[in-house]
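What follows is a set of notes on a single structure, which appears directly below.
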Amino acid sequence: MPRFERKQNIFRNKDALGESYQPERIEERDDEIEAYMDALQPIIDGWEPNNVFLYGNTGVGKTAVTDFLLDVLQEDVTEYDDVDLSVLSVNCKTLNSSYQVAVELVNTLRPAGAEISTTGYPQQTVFKKLYSELEALGGTVVIVLDEIDSIGDRDELLYELPRARSNGYLETTKVGLIGISNDFKFREQLDPRVQDTLCERELQFPPYEASELTNILESRAEVAITEDGCDGGVLNLCAALAARDSGSARQALDLLRLAGEVAENNDDDAIREHHVDQARSKLEQERVEEGMRELTTHGRLALLAVVSKAAKESTPCRTRELYQEYEALCESSGTDSLAQRSVHNHLSDLRMLGILSAKENRSGSRGNYYSYELDVPFSSAVDAMADVLYLDDEIETIRDIARMNSVV
DNA sequence: GTTCCACAGGAAAAGATGGTCG
DNA sequence: CGACCATCTTTTCCTGTGGAAC
């Protein structure tokens, strides 16, 4: 008889290691908080808000500090009758233009059922809808645009919004923009006029040091993990790994959480260092599968071409050979093949996603070219492919060949 | 020293798709 | 319906690259 049994050896409150958890206090960001508060001061004073631009790698506390401070601000502002503050928060990760961000803003302001479609209107129409929604809201509105770098160079909204008042689009509402970016280069590529306004106040969040990450992990582990749920040294290991890689608290916390899950599944009574190792490869695997899910048919076929070559032990492999392999796969799947330039684009994308790696070859008269190979375990690539392509026969053949060559 | 191979990757334009509006 | 609109993928055309061969 199957039976559910509650396991509580390790986790006391796993959510405290999760993405959405808001700790009661933010560790190791005192200087940033001070500067940030200074930038937000005009709001409580009743003046027009500053535009703020935050940048730093993922997981260094930008979003956490923003959420935390805006909560405090919204609380404190209730003491002043003449300030009416609204906070509008949008994650732009999946919105890759000003247009889509504007649509998203309009839709969060509108009641359910009155949302507008994400395409079809001229850009200015959407902006006007946004202005009238903002005007209806009134008071001071702080708009948080998280992961704003995903809009690339289509930054018209960032030009328009800060100027909305002086251009007469907004009469009463005061708007402040808070842009958050993981990408240092994003600021550079912005229109200089946008830089001037958006980056009135700039805050840089540096990566965490290993010792800082240890402190953060300790304070979270206190809430999340039982007293004996964690070997000594595990927190240090997670902190060290994350510090060496990205300096990201997110990564350190993910490692700890996954390591805990691994330990739990093994029926161990505490997290040990070898669990962290497993968690690390699991984290990597998740990242790859995430990337593969987003691929188009031809992107997948291009990847399958590399997989197929890998099964035959003929990687690394240059573009031309991969293109031939790709054409053969298109043939057998009844798909029209693309031009070589396009396949080259797909290979390039796959390289960006970290699924492929490429070595540059300079062989003079025979040209400069890349040699591609899988940058992920063969088996995880095949498994992920099997889920998303209809080429069962081909994938089986590739598996057979791989087995013959004992590729794993 | 110059040329030239055979590729990388930028830019622009063309199509396809899925939407609004009068 | 037809005129527009935004966006994504793909094609076309192009420039850049660095050492071997001339």
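Quick note: numbers below take in every heavy atom, side chains included, and nothing from hydrogens, waters or symmetry partners. Proteins get letters first, then strands, A, B, ... in listed order; numbering begins at 1 in each.
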Figure out the [atom1]/[atom2] separation between [X] and [N], and round it to whole Å.
X         : N       : atom1 : atom2 : answer
Lys128(A) : dC5(C)  : NZ    : C1'   : 15 Å
Phe127(A) : dA6(C)  : CZ    : C1'   : 12 Å
Tyr99(A)  : dT7(C)  : OH    : P     : 7 Å
Leu301(A) : dT10(C) : CG    : C1'   : 15 Å
Asp336(A) : dT9(C)  : CG    : C1'   : 14 Å
Arg300(A) : dT9(C)  : CZ    : C1'   : 15 Å
Glu360(A) : dG9(B)  : CD    : C1'   : 12 Å
Leu322(A) : dC7(B)  : CG    : P     : 11 Å

inquiry  = Taking any heavy-atom pair under 4.0 Å as a contact, classify Gln123(A): base, sugar-phosphate, or nothing.
reply    = sugar-phosphate
ask   = Checking all strands, does Asn96(A) fall into the base, sugar-phosphate, or nothing category for heavy-atom contacts under 4.0 angstrom?
value = sugar-phosphate
So if I take every side-chain heavy atom of [X] and compare against [options], which nucleotide ends up nearest?
X         : options                  : result
His346(A) : dC5(C), dT10(C), dG9(B)  : dT10(C)
Ser342(A) : dT11(C), dA6(B), dT7(C)  : dT11(C)
His344(A) : dT7(C), dT11(C), dA8(B)  : dA8(B)
Gln100(A) : dT7(C), dA8(B), dG10(B)  : dT7(C)
Asn345(A) : dT11(C), dG9(B), dG18(C) : dT11(C)
Arg320(A) : dC7(B), dG9(B), dT10(C)  : dC7(B)

note = Applying side chain to side chain donor-acceptor pair (under 3.5 Å) to Asp231(A) and not counting sequence neighbours gives Arg272(A)
Do [X] and [Y] sit within salt-bridge range, that is, some charged N less than 4.0 Å from a carboxylate O?
X         : Y         : value
Arg287(A) : Glu284(A) : yes
Arg154(A) : Glu156(A) : no
Lys14(A)  : Glu261(A) : yes

Test item: Asp155(A) side-chain N/O and Asp191(A) main-chain N/O as donor-acceptor pair under 3.5 Å = yes
task = Determine whether the side chains of His298(A) and Tyr326(A) contain a donor N or O and an acceptor N or O closer than 3.5 Å.
result = yes
Short side-chain N/O contact to dT10(C) OP1/OP2 from Arg341(A), under 4.0 Å = no
Protein-nucleic acid N or O pairs under 3.5 Å, nucleotides 19-22 of chain B:
residue: dG19(B); atom: O3'; partner: Ser117(A); partner atom: OG; Å: 3.3
residue: dG19(B); atom: N2; partner: Gly120(A); partner atom: O; Å: 3.4

message = Would you call the rings of Tyr370(A) and Tyr372(A) parallel, tilted or perpendicular, taking 30° and 60° as the class edges?
response = perpendicular
